[in-house]
Amino acid sequence: RTKMKSKIIIGTVAAVAVLGGGYTVSRMDFIGTGKVGIVYNYKDGVQDTVLTPGMHFIAPMNKVKEFSTSNEILVLTKDKRDGSKEDDSFKVATSDDASIAVSFQMSYRYDPDTVIDTYKRFKGMDGEDIIENRVKTVLKSKISEVTTDYSMMDIYSGNRSELNNAITEYLNKDFHKKYGIEVLDASIVDVHPDKKLKQAIDNRVTALQEKQQAQAEQEKVKVQKETEKLQAEADAQIELTKAKADAKKAKVKAAAEAENTKTKAKAQAEANKELSASITDELIKMKEAEAHYKNGWVTVQGADAVIADK
C-alpha cells in the first residue's frame, strides 16, 4: 500500500511537472533578431518594457505585438519580378501637370525608442499592420507632394538623385512623426509612361536635343568669334610691340650717329685748334723762304697777273 501511494504521488508530481513545463513552454514567446516586442493585455493596457530579441515568458492574459527595428524594404513595382505581389505601380503628379506611373521602393525601420507610443497611437496594430493599413494609403499622395516640384522630364530621366533625396527627407520627417518610422531611403526606381505620354516625352527629348544642338552651334560660333578677336588683338599687340622696338632702335641709332658726329666735330676742332696754335710768324717766314727758294718770287699786280721771277 505504501509503495502504491508513493507511486501515485510520484506520478502526480511528474504529471504536474509535465503539465507545468508544457504550460511554461506554451507561454514562451521568441522575439527574432532585428525586432522588438510590445506586451499588453486588455485589463492593464500596454507595458512600459520593450521585449528585446530572444526568448521571453509571457504571463497569462498578456499578448505580444512585434515591430521591426532592422532595415525593411517596401516594394511597389509594376513587375512581380521586382518584388511586388502584383502590379503595385502608381501615378504621381508633376510640375507641368502631367501624371506618370512609377515603381517605388522604400527602406525603413521602426524607431525602438518610440514603438510603445506608436502601438498606443494605433491601438493594437503591429508594425506590418501599420505599413499595410496606414502607410500605403497615404504614400502615393505624400510622394506626389514632392514630385509636383519636378517636371515630367526630371522624373523620366535616369538622373533622379535630387528628386529621390527630396522624397526620402520628406517621408522621413512625416512618417517618423506620425508612425515612428525612420525612412532610410525612398526612391522612384522606374517610370512607366503610357503610349500617349511616351510620345510626348519623345517629342520633348527630340526638341531638347535640337535646342542643345542649336545652343552648341551658337556657342561654337561665339567661341570662334572670341578666338578671332583674341587673335586680332594679339596680332595688333605684336605689331605695336614691333613698331615700338623699331622706333627705339632708330632712336638709339640716331643718338649714336649724333654722338659720333659730335665726337668727330670735337676731334676736328681740337685738331684745328692745335694746328692753329702751331702756326707762328717764324714758321710762316720759314715756309715763305722755302717757297722763294724753290719757286722764286711771285708778284701779283691787279686783275692781270704778272708773274716775275726775281
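Values in this document were obtained by computation on a predicted structure and should not be read as measured data.
- Under the 4.5 Å side-chain criterion, counting only non-hydrogen atoms from C-beta, T77 is not in contact with D88.
- Within a 6.0 Å sphere centred on CD of E162, other residues, nucleotides and ligands contribute 12 heavy atoms or fewer.
- Side-chain contact between S95 and D149: absent, with no pair of heavy atoms (C-beta onward) separated by less than 4.5 Å.
- Contact check for V92 versus F104: no side-chain heavy atoms found under the 4.5 Å cut-off.
- Using a 4.5 Å heavy-atom cutoff, the side chains of T118 and F67 are in contact.
- Between T94 and S151 the shortest side-chain heavy-atom distance does not fall below 4.5 Å.
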Throw together a table of side-chain donor-acceptor distances under 3.5 angstrom for residues 168-188, partners on residues two or more places apart or in other chains.
unit_1: T168; atom_1: OG1; unit_2: N164; atom_2: O; d: 2.9
unit_1: T168; atom_1: OG1; unit_2: A186; atom_2: N; d: 2.8
unit_1: T168; atom_1: OG1; unit_2: A186; atom_2: O; d: 3.1
unit_1: Y170; atom_1: OH; unit_2: E145; atom_2: OE1; d: 2.1
unit_1: N172; atom_1: OD1; unit_2: V183; atom_2: N; d: 2.9
unit_1: D174; atom_1: OD1; unit_2: K178; atom_2: NZ; d: 3.3
unit_1: H176; atom_1: NE2; unit_2: D111; atom_2: OD2; d: 3.0
unit_1: E182; atom_1: OE1; unit_2: R109; atom_2: NE; d: 2.7
unit_1: E182; atom_1: OE1; unit_2: R109; atom_2: NH2; d: 3.4
unit_1: D185; atom_1: OD2; unit_2: S187; atom_2: OG; d: 3.0

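- In terms of heavy-atom proximity, Y156 sits nearest to P193 at CE1-CG, 4.0 Å.
- Considering only heavy atoms from C-beta on, E66 stays 4.5 Å or farther from D126 through its side chain.
- Both M125 and V138 are members of a single hydrophobic cluster when ILVMFWY side chains are connected at heavy-atom separations under 4.5 Å.
- Between R160 and V191 the shortest side-chain heavy-atom distance falls below 4.5 Å.
- In this structure the side chain of D117 never reaches within 4.5 angstrom of the side chain of F122, judged on heavy atoms.
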Exercise for review: Could you go through the side chain to side chain contact (heavy atoms under 4.5 Å, CB included) check for T227 and V223 one step at a time?
Suggested key: CA-CA 6 Å; T227 302; V223 170; 4.0 Å; yes
Under 3.5 Å, side-chain donor or acceptor atoms of residues 239-267 against the rest of the protein: list the pairs with distances, not counting sequence neighbours.
unit_1: T241; atom_1: OG1; unit_2: Q237; atom_2: O; d: 2.7
unit_1: T261; atom_1: OG1; unit_2: E257; atom_2: O; d: 2.9
unit_1: T263; atom_1: OG1; unit_2: E259; atom_2: O; d: 2.7

